[in-house]
Amino acid sequence: MSVGVLAGKVALVTGAGSGIGRATCRLLARDGAKVIAVDRNLKAAQETVQELGSNRSAALEVDVSSAQSVQSSVAEALKKFQQAPTIVVNSAGITRDGYLLKMPERDYDDVYGVNLKGTFLVTQAYAKAMIEQKLENGTIVNLSSIVAKMNNVGQANYAATKAGVISFTEVASKEFGKFGIRVNCILPGYIDTPMVAVVPDSVKQQVVQRCPLGRLGQPEEIAEVIAFLASPQSSYVNGAAIEVTGGLK
Ligand code: NAD
């Protein structure tokens, strides 16, 4: 993407303390946006901000699965740069893998709470703020996953939430188009982040063998597509679900 294309914009990125979220903060800042790095792990979000510089970024501790936490973050986020974010990236996500017959209800609820309900809560709260402030050219990017289509054994909770993110994105794109807010999602393949670090090596080897490019992706390779969707260069892309998997299906 082009340096400076996001000058004057404020971006809010959830899950900003690690992996894809952190790489996204880096690239949105490179393109000129001021960045609010949101994570439930404040220290991790602060490390992201330290890298970007505190004049152009700020950290916020938010649990995206809590309506109260998300709601109270809106006023704080507005204060950071005296402007509501018009770029919102929902990257916070978790896995709790396990076979269905043994999956504790808690593991299902936790994954649902962060991945799908969290996407809903953040999208609703920040779209409202954009609309109330009559800010146009808003753009929201949600992180789904290729697992929404691969439907891996042992990932019923994760796959269901990531499939839900695709439907949620499409509905939001239809409801928000009239406000000048675009909503899109990305389906990454296997990306080399702390989330994938816990996947057994044997599974990673199988993935690499199945992937036409023969390797895992890097977080920056997802962040580049997010930066494109956040920019005016994607002005007619709305309601899309874009696979970024190295060709893995
Ligand atoms: P990661 O584990 O490296 O980072 C996730 C971040 O989200 C962490 O900083 C964590 O503290 C934060 N987080 C978790 N729960 C939160 C909550 N309730 N509130 C606020 N922050 C919370 O993961 P990643 O690999 O960067 O994944 C980012 C997104 O991309 C996730 O939604 C994930 O499902 C999706 N994704 C990742 C991959 C991959 O291979 N890494 C593939 C497909 C999709």
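Position 1 is the first residue of the sequence, and the numbers go up from there. These values consider heavy atoms only, across backbone and side chains, with no hydrogens, waters or symmetry-generated copies. In listed order, ligands and their atoms are each counted from 1.
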Exercise. What are the two closest heavy atoms between A148 and I166, and how far apart are they?
Worked result: CB-CD1, 3.9 Å
Exercise. To the nearest 0.1 Å, how far is atom 18 (N) of ligand 1 from its closest protein heavy atom, and which atom is that?
Worked result: D63 OD1, 2.8 Å
Problem set entry | Side chain, backbone, both or neither: the part of T193 lying under 4.0 Å from ligand 1 by heavy atom | side chain
For this session: Of all the heavy-atom pairs spanning R96 and M103, show the shortest one and how long it is.
Result: O-CE, 4.3 Å
Exercise. Would you call D39 a ligand 1 contact, heavy-atom distance under 4.0 Å?
Worked result: yes
For this session: Identify, for atom 5 (C) of ligand 1, the protein heavy atom at the shortest distance, and state residue, atom and that distance.
Result: G93 O, 3.9 Å
Exercise. What protein heavy atom sits nearest atom 32 (O) of ligand 1, and how far away is it?
Worked result: K162 NZ, 2.9 Å
For this session: Quick one: look at I94 and ligand 1, take heavy-atom pairs under 4.0 Å, and tell me if it's side chain, backbone, both or neither.
Result: side chain
For this session: For P194, counting its heavy atoms only, list the atoms of ligand 1 lying under 4.0 Å from any of them.
Result: 3 (O)
Exercise. Any N or O of S18 that comes nearer than 3.5 Å to an N or O of ligand 1?
Worked result: yes
Exercise. Just which atoms of ligand 1 are under 4.0 Å from any heavy atom in Y190?
Worked result: 40 (O)
Exercise. Can you tell if the side chain of T95 reaches within under 4.5 Å of the side chain of M195, non-hydrogen atoms only?
Worked result: yes
Exercise. Are side-chain heavy atoms of V244 and I242 found at a separation under 4.5 Å?
Worked result: yes
Exercise. Below 4.5 Å, heavy atoms only, C-beta onward: do S69 and V64 meet side chain to side chain?
Worked result: no
Seminar exercise, completed: Nearest heavy-atom contact between A11 and L28 is CB-CD1, 3.8 Å
Problem set entry | Atoms in ligand 1 with a heavy atom of V196 nearer than 4.0 Å | 39 (C), 40 (O), 41 (N)
Problem set entry | Partner of N90 under side chain to side chain donor-acceptor pair (under 3.5 Å), chosen from T119, T169, N142, N115 | N142
Exercise. Starting from atom 22 (C) of ligand 1, which protein heavy atom do you reach first, and at what distance in Å?
Worked result: A92 CB, 3.7 Å
Problem set entry | Atom indices of ligand 1, in the order listed, that fall short of 4.0 Å to a heavy atom of G19 | 3 (O), 26 (O)
For this session: Go through the side-chain N and O atoms of Y126 and S73 and say whether any donor and acceptor fall under 3.5 Å apart.
Result: yes
Seminar exercise, completed: Closest to atom 6 (C) of ligand 1 among protein heavy atoms sits G15 CA, 3.6 Å
For this session: For atom 35 (C) of ligand 1, grab the closest protein heavy atom and report residue, atom and distance to one decimal in Å.
Result: Y158 OH, 3.9 Å
Exercise. When you look for heavy atoms under 4.0 Å from ligand 1, do you find them on the side chain of S144, its backbone, both, or neither?
Worked result: backbone
Seminar exercise, completed: In short, L121 meets S66 closest at the heavy-atom pair CD1-C, 3.8 Å
Seminar exercise, completed: for atom 42 (C) of ligand 1, nearest protein heavy atom and its distance come out as G189 O, 3.0 Å
Problem set entry | Polar atom proximity, N90 to ligand 1 (N or O, under 3.5 Å) | no
Exercise. Hey, are the side chains of S65 and K117 touching, using non-hydrogen atoms and a 4.5 Å cut-off?
Worked result: no
Exercise. Would you say V183 and I131 are hydrophobically clustered, going by side-chain heavy atoms of ILVMFWY under 4.5 Å?
Worked result: yes
Problem set entry | Side chain proximity check, V5 to P232, heavy atoms < 4.5 angstrom | yes
Problem set entry | Protein heavy atom at shortest distance from atom 40 (O) of ligand 1 | I191 N, 2.8 Å
Exercise. Should L187 and C185 count as side-chain neighbours, where that means a heavy-atom distance under 4.5 Å?
Worked result: yes
For this session: State if S91 counts as touching ligand 1 under the rule of any non-hydrogen atom under 4.0 Å.
Result: yes
Exercise. Quick check: does V64 get an N/O under 3.5 Å from an N/O on ligand 1?
Worked result: yes
Exercise. With a 4.0 Å heavy-atom cut-off (strictly under), which part of I20 contacts ligand 1: side chain, backbone, both or neither?
Worked result: both
Problem set entry | Any G217 heavy atom less than 4.0 Å to ligand 1 | no
For this session: Please report the C-alpha distance between R30 and E224 in whole Å, then the side-chain angles of each, then the deciding distance to 0.1 Å, and finally whether the salt bridge (charged side-chain N to carboxylate O under 4.0 Å, His left out) criterion is met.
Result: CA-CA 11 Å; R30 174 200 68 186; E224 284 289 2; 3.0 Å; yes
Exercise. At a 4.0 Å threshold, what atoms of ligand 1 neighbour a non-hydrogen atom of V62?
Worked result: 19 (N), 20 (C)
For this session: Please confirm whether G118 comes under 4.0 Å of ligand 1, counting heavy atoms of the residue only.
Result: no
